[in-house]
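We name chains A, B, ... by the order of the sequence lines, and we start the count at 1 in each one. Side chains included, hydrogens not; waters and symmetry mates left out as well; all remaining heavy atoms used.
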Number of protein chains: 2
Amino acid sequence: MVETSTQADAPAQPRTPLNRERILGTAVALADEGGVDALSMRRIAQALGVVPMALYKHVANKNELLDGMIDVVVGEIDPPAGHADWKTAVRRRVLSARRMLLRHPWAPGVIESRTKARATPTPAVMEYLDSMIGIFRSGGFPIDLVHHALHVMGSRLLGFSQELFEDTPGREPDPDAMPPEEMAARYPHLTELARAVAHDQESVVGSGCDDQFEFEFALDLTLDGLERLRLRLRDTP
Amino acid sequence: MVETSTQADAPAQPRTPLNRERILGTAVALADEGGVDALSMRRIAQALGVVPMALYKHVANKNELLDGMIDVVVGEIDPPAGHADWKTAVRRRVLSARRMLLRHPWAPGVIESRTKARATPTPAVMEYLDSMIGIFRSGGFPIDLVHHALHVMGSRLLGFSQELFEDTPGREPDPDAMPPEEMAARYPHLTELARAVAHDQESVVGSGCDDQFEFEFALDLTLDGLERLRLRLRDTP
DNA sequence: ACCTGAACACCGTTCAAGT
DNA sequence: ACCTGAACACCGTTCAAGT
């Protein structure tokens with residue numbers, strides 16, 4: 001059933017050599033079709049017509065493969081439109097992210113679980129968030145309000161809701177983590193936000209934000225919006 | 001916390017007989033400790049000091065066990081406070097749900113994936129949503145606005161964001177599904193909502209709501225709230 | 001009629017034998 | 001030095017042998 005490069009019924013086999021890109025593309029397609037539960041190293045290999053072990057020369061393990069899949073699909077989100085007002089720009093970008101998530105329904109779950117397992121979101125997610133923060137900043141939002149805004153947007157940003165930058169107390173620093181100066185250069189808006197939040201939280205141990213406060217802030221903004229809507233609808237029926 | 005039967009050679013006496021409740025309690029505790037990935041039938045059995053196959057007399061399979069775990073933790077959410085205004089009542093209930101989710105971080109993912117796999121959410125989830133709709137209705141929300149409100153609340157209701165009642169076109173009706181009249185008696189508010197939505201969508205095939213419209217409605221309400229906040233902050237610094 | 005150990009078909013990954 | 005088949009330690013669930 002699994003055709004090897006024998007001369008029998010299969011044509012000349014390695015016309016397209018295996019590489020990371022092809023592996024990720026096949027993995028994304030398989031997850032789109034059958035969900036992430038049906039995705040296995042063995043199945044990817046089978047779809048590519050190679051032996052399972054061949055994958056391990058291009059991806060370290062399955063987790064690293066999932067990280068690569070995340071960056072593939074997040075890379076499909078349209079870049080920000082340069083010259084629109086902040087609300088239009090955010091709206092377009094979020095709707096583009098939603099279209100991506102409709103194509104790849106497995107993505108929110110994978111992004112969430114991988115972000116929880118890693119110390120930091122994957123590079124493409126970082127870039128997406130950084131440019132989203134940039135839109136708010138250009139639109140005149142003070143940095144603290146941008147922080148609230150991200151929590152308010154919540155699951156509408158990437159389809160899930162858990163906090164992306166959660167403090168995990170018992171975690172030793174990653175030996176090959178990105179040095180702070182490179183971080184600041186690559187993700188200037190995220191860095192600015194992180195510094196502002198850390199400053200606000202000076203008294204608290206750790207640099208995480210006050211999740212309870214942010215949750216209630218977003219909840220109350222939502223409830224106030226609904227109350228305003230209810231009153232408007234009642235007064236103008 | 002989780003007791004293992006220590007001695008293999010000691011004659012095992014069933015001091016506490018196995019039942020569904022004990023199995024679910026142990027499963028929830030194991031998931032709380034090690035996450036849902038570390039949860040296996042074999043491990044639950046080991047924690048209870050029984051052979052894996054013994055579980056299958058009380059739960060049909062692992063999916064049914066996950067459904068039971070959902071109902072256990074959703075049952076931990078405080079019931080609605082009877083005599084508060086709608087905003088206070090919703091706020092309290094959602095904050096109670098959040099406390100539950102902090103105790104059981106695996107719950108959103110399991111609820112979401114099981115709801116997707118089943119035709120309908122589990123009974124406890126149905127009851128939670130029904131009573132939440134009831135709060136809005138008592139607070140003077142027209143039924144259509146309640147529908148929007150649930151979409152706006154989104155992930156804040158149960159920690160995840162995908163639609164709970166998604167149309168899955170190719171699904172044969174469950175033979176032992178609840179009859180409509182029992183449905184209407186058990187979940188009156190949900191039924192009212194479903195009827196209103198179906199009426200609005202008369203022209204469209206299927207009874208699902210317009211997800212794209214609801215997404216944009218919620219997104220715009222959020223963005224408007226943020227803009228109002230920005231202006232207020234700018235004018236009163 | 002009941003209980004359960006062995007077995008089946010999977011999985012990610014290691015490892016050493018073969019080239 | 002490379003490649004890869006076999007093996008390991010898991011998994012959910014079936015099934016038939018033993019009681």
Item to check | Nearest-Å distance for atom pair NZ/C1', residues B:K57 and D:dC15 | outcome: 15 Å

Item to check | Salt-bridge present (B:D78, B:R99; N to O < 4.0 Å) | outcome: yes

Next on the checklist: Checking A:F160 now: which residues fulfil ring pair (Phe, Tyr, Trp, His ring centres under 6.0 Å) with it, not counting sequence neighbours?
Outcome noted: none

Item to check | Those residues that, when tested against A:L219, pass side-chain contact (heavy atoms from CB on, under 4.5 Å) (two or more places apart) | outcome: A:F215, A:L223, B:R91, B:V94, B:L95, B:M153, B:R156

Checklist entry - Considering residues at least two apart in sequence or located in another chain, which fulfil the ring pair (Phe, Tyr, Trp, His ring centres under 6.0 Å) criterion with A:F213? => result A:H148

Checklist entry - How would nucleotides 9-14 of chain C be written as a contact map, 5' to 3', with B for base contact, S for sugar-phosphate-only contact and - for no contact, using protein heavy atoms under 4.0 Å? => result --BBBB

Checklist outcome for this item: Hits for side-chain hydrogen bond (donor to acceptor under 3.5 Å, both in side chains) against B:H189, two or more places apart or cross-chain, chain-then-number order -> none

Item to check | For A:M41 against A:N61, the heavy-atom pair lying closest together | outcome: CE-C, 4.5 Å

Checklist outcome for this item: Intra- and inter-strand pairing of DNA chain D, written as dot-bracket with Watson-Crick and G-U pairs under 3.5 Å and | for the latter, reads ||.|||||...|||||.||

Checklist entry - Has A:R92 got more than 12 heavy atoms of other residues, nucleotides or ligands less than 6.0 Å from its CZ? => result no

Item to check | Euclidean distance for P, D:dT13 against C:dT13 (whole angstrom) | outcome: 22 Å

Checklist entry - Are any non-hydrogen side-chain atoms of B:I133 and B:S131 less than 4.5 angstrom apart? => result no

